[in-house]
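Notes to accompany the following structure.
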Amino acid sequence: DGFAATKLFNQGYSYTYDDVIFLPHYIDFPTDAVSLSTRLTRRVPLLAPIISSPMDTVTEGCMASAMASLGGLGIIHSNLPTDVQASMVRSVKSRRVPILSTPTFMSASHRIESLDDFESCPYVLVTQSGSPSSKLLGYVSRSDWLQLDDHKKGTRIDTYMTSSDELVVPWNYSLSQMDAYFQEKRERDLAVLVREEQEVVDVVTREEVEKVKEYPRLGAGTVGPDGGWRVGAALGTREVDKERLEHLVKAGVDVVVFDSSQGNSIYQIEMIKYVKRMYPDLDVVGGNVVTMAQAENLINAGADGLRVGMGSGSICTTQEVCAVGRGQATAVYKVASIASQSDVPVIADGGISYSGHIVKALVLGASTVMMGGFLAGSIESPGAYEYQNGSQVKKYRGMGSLEAMTKGSDARYLGDKAKLKIAQGVVGAVADKGSVLKFIPYTMQAVKQGFQDLGASSLQSAHDLLRKGVLRLEVRTGAAQVEGGVHGLVSYEKKAF
Ligand code: XMP
């Protein structure tokens with residue numbers, strides 16, 4: 001009944017996730033027996049197969065720490081100055097709570113000029129030198145500052161700050177340790193995370209901890225050998241990227257990910273070899289690729305993981321503009337079938353709109369999925385919410401859109417210094433989705449149910465069942481796709497949990 005994957009994907013068609021459907025298999029275990037633990041690259045294990053995309057409207061520090069706390073991993077985008085990208089890497093690695101406030105730091109003689117100093121965090125922290133790496137002296141909260149009279153507001157901060165006695169907790173306190181701390185110290189509403197030698201990491205409030213602890217099932221997360229979250233960063237292939245790489249390595253990056261729509265190039269191959277030569281302990285993800293030949297080239301150059309997808313992203317126009325790409329289901333299956341022979345894990349990048357797409361990507365051979373649009377619009381994505389037609393939305397844009405390229409990401413789409421910029425992506429907006437800490441655990445539970453329907457209790461078992469032809473698939477006709485979605489209703493509420 002149905003087709004084995006090898007037959008279905010060798011008929012000359014390029015299939016997207018929606019084109020194909022799995023036939024159910026046999027269930028002999030409960031949903032919770034399904035393990036989604038996996039690997040991002042040869043040497044980076046994960047508890048959950050989810051990666052946030054290196055896009056400037058998706059992954060900065062806040063998203064990366066949330067993804068790590070969920071057992072996945074975030075890749076910090078590179079559309080920023082080198083030192084800013086490296087400092088984001090450092091800040092994700094320097095805490096164990098999925099909360100990132102990025103307070104402003106000042107020395108005791110500084111003055112707070114305006115409310116702008118509270119923009120990223122409702123607290124200004126006062127340290128001896130005014131930088132995070134010196135001793136904490138005190139803090140000023142936004143509400144305390146607003147209550148000062150105008151004369152006082154213009155004075156040195158140490159004339160009205162609250163002193164920091166006993167606010168300090170160790171940098172690597174986990175969420176449950178933070179919770180226990182606030183339960184014990186009933187009178188306190190904030191704590192400051194401090195590393196050895198008095199380096200101030202961040203401030204955490206009682207309110208944030210109360211909110212996050214209500215979210216479902218936050219497990220151990222993706223913790224590296226140094227006890228902090230693991231995090232990745234995007235990298236280009238120009239000469240200047242060698243300097244970027246050095247900064248990222250110094251900041252402790254766990255994996256670097258090339259950011260190119262067509263990764264099978266002499267530039268990337270040379271750069272992969274350079275990274276492996278200079279930093280043999282650092283894992284490198286090559287890509288993007290969609291064919292077996294592309295994949296083989298990057299694996300031979302030393303890639304420890306491959307990013308798969310060309311033109312499948314929700315904001316992509318590469319297939320329309322350049323006439324090159326591949327349906328994502330076919331691309332994932334083909335690349336994974338060759339990469340598995342070299343034990344190189346594959347990331348299915350782009351085109352994820354539902355949990356069912358994640359099931360398809362993983363069963364077809366991917367070890368993780370990389371998501372942009374699915375995570376944009378969450379509290380943890382960069383940028384502020386705006387209103388459009390009465391709904392709350394956040395901007396989401398392609399890294400090959402004119403707007404993003406103007407800010408700096410043209411290396412991904414243009415090669416060197418093309419004078420005429422051609423967009424391969426669009427700028428749009430996505431609906432407010434709340435916190436990833438809330439909706440990703442539900443999504444993962446839905447993925448586990450998909451695995452259970454297929455009789456696969458792990459990624460490895462799904463891959464084995466697919467390869468042996470035990471799992472069967474079919475192509476869906478247009479009418480079958482319509483039937484597979486909600487249809488025939490005048491209206492309905494789209495609420496999944
Ligand atoms: P989703 O579907 O998750 O896709 O929103 C995210 C992925 O899309 C890729 N990407 C682009 N592709 N033009 C493209 O053709 C672009 O401007 C662009 N920006 C991002 C990228 O692989 C990302 O992870």
Side-chain angles (χ1 to χ4, degrees), residues 39-46 51-56 58-61 63-65 67-68 72-93 222 224-226 228-289 295 297-309 339 344-347 349 367-368 370 372 399 408-409 411-412:
R39 284 181 310 163
L40 170 63
T41 54
R42 287 187 213 262
R43 292 172 296 180
V44 177
L46 301 174
I51 309 297
S52 65
S53 179
M55 300 174 72
D56 58 9
V58 180
T59 312
E60 292 187 348
M63 177 67 78
S65 48
M67 292 303 285
L73 195 124
I75 314 293
I76 310 267
H77 71 90
S78 56
N79 212 7
L80 332 125
T82 303
D83 56 329
V84 182
Q85 191 189 19
S87 81
M88 282 182 189
V89 166
R90 207 172 292 112
S91 94
V92 175
K93 292 196 72 68
T222 310
D226 54 359
W229 299 131
R230 281 190 192 264
V231 63
L235 190 68
T237 53
R238 297 182 189 188
E239 220 26 56
V240 291
D241 289 298
K242 293 183 176 166
E243 194 191 322
R244 186 179 282 273
L245 176 65
E246 197 186 324
H247 278 81
L248 292 170
V249 170
K250 276 200 190 124
V253 76
D254 290 279
V255 55
V256 287
V257 178
F258 285 108
D259 208 19
S260 162
S261 51
Q262 211 294 44
N264 186 25
S265 68
I266 189 165
Y267 315 110
Q268 189 171 129
I269 287 173
E270 299 277 300
M271 193 68 166
I272 291 175
K273 289 182 179 162
Y274 173 83
V275 181
K276 298 306 302 179
R277 200 169 57 242
M278 298 295 292
Y279 308 100
D281 293 335
L282 180 66
D283 273 13
V284 186
V285 173
N288 281 20
V289 296
N297 266 354
L298 299 192
I299 291 170
N300 290 339
D304 302 291
L306 286 176
R307 209 174 147 190
V308 178
V344 171
V346 155
I347 307 167
D349 175 18
S367 294
T368 53
M370 178 178 276
M399 295 301 280
S409 75
R412 179 182 164 98

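Values in this document were obtained by computation on a predicted structure and should not be read as measured data. Residues: numbered from 1 along the sequence shown.
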Query - Val92 vs Ser65, side-chain contact (heavy atoms from CB on, under 4.5 Å): CA-CA, chis, key distance, verdict - result: CA-CA 5 Å; Val92 175; Ser65 48; 4.2 Å; yes
**Report entry** Arg307 and Ser53: CA distance, side-chain angles, deciding distance, side-chain contact (heavy atoms from CB on, under 4.5 Å) verdict
**Finding:** CA-CA 11 Å; Arg307 209 174 147 190; Ser53 179; 4.2 Å; yes
Requested in this report: Determine, stepwise, if the pair Met278 / Val249 fulfils side-chain contact (heavy atoms from CB on, under 4.5 Å).
Outcome: CA-CA 11 Å; Met278 298 295 292; Val249 170; over 6 Å; no
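For Ala233, the side chain to side chain contact (heavy atoms under 4.5 Å, CB included) test picks out Gln85, Val89, Leu248, Val253, with sequence neighbours left out. Partners of Asn264 under the side chain to side chain contact (heavy atoms under 4.5 Å, CB included) rule, at least two apart in sequence or in another chain, are Gln262, Ile269, Gln294, Asn297. Partners of Ser52 according to the side chain to side chain contact (heavy atoms under 4.5 Å, CB included) rule, which considers only residues two or more places apart in sequence or in another chain, are Val58, Thr59, Met63, Met67, Leu375. With sequence neighbours excluded, the residues forming a salt bridge (charged side-chain N to carboxylate O under 4.0 Å, His left out) with Lys242 are Glu239, listed by chain and number.
Summarising the geometry, atom CG belonging to Leu46 is positioned 5.0 Å from atom CD1 belonging to Ile51; distances are rounded to the nearest 0.5 Å. With values rounded to the nearest 0.5 angstrom, Thr41 atom OG1 is found 9.0 Å from Leu73 atom CG. Rounded to the nearest 0.5 angstrom, Tyr274 OH and Leu245 CG are separated by 6.5 Å. Put simply, CD on Gln268 and CG on Leu235 are 9.5 Å apart, with the number rounded to the nearest 0.5 Å. Ile272 CD1 to Leu298 CG: the interatomic distance, rounded to the nearest 0.5 Å, is 4.5 Å.
Residues Asp56 and Leu80 fail the side-chain proximity criterion, which asks for heavy atoms closer than 4.5 Å.
Annotation: salt bridge (Lys or Arg N to Asp or Glu O under 4.0 Å) contacts involving residues 244-255, sequence neighbours excluded, comprise Lys93-Asp254, Arg230-Asp254, Asp241-Arg244, Glu246-Lys250. Pairs of residues two or more places apart, or lying in two chains, that qualify as salt bridge (Lys or Arg N to Asp or Glu O under 4.0 Å) and include a residue from residues 274-287 are Arg43-Asp283, Lys276-Asp304.
Minimum heavy-atom separation, Ala64 to Val231: CB-CG2, 3.9 Å. For Gly236 against Met271, the heavy-atom pair with the smallest separation is O-CE, 3.8 Å. The shortest non-hydrogen separation linking Ala234 to Ile75 is N-CG2, 3.6 Å. In terms of heavy atoms, Leu282 sits closest to Val256 at CD2-CG2, 4.0 Å. Summarising the geometry of Met88 relative to Gly61, their closest heavy-atom pair is SD-N, 4.0 Å, with the distance given to 0.1 Å. When every heavy atom of Leu306 is checked against every heavy atom of Ala303, the shortest pair comes out as CD2-CB, 4.2 Å.
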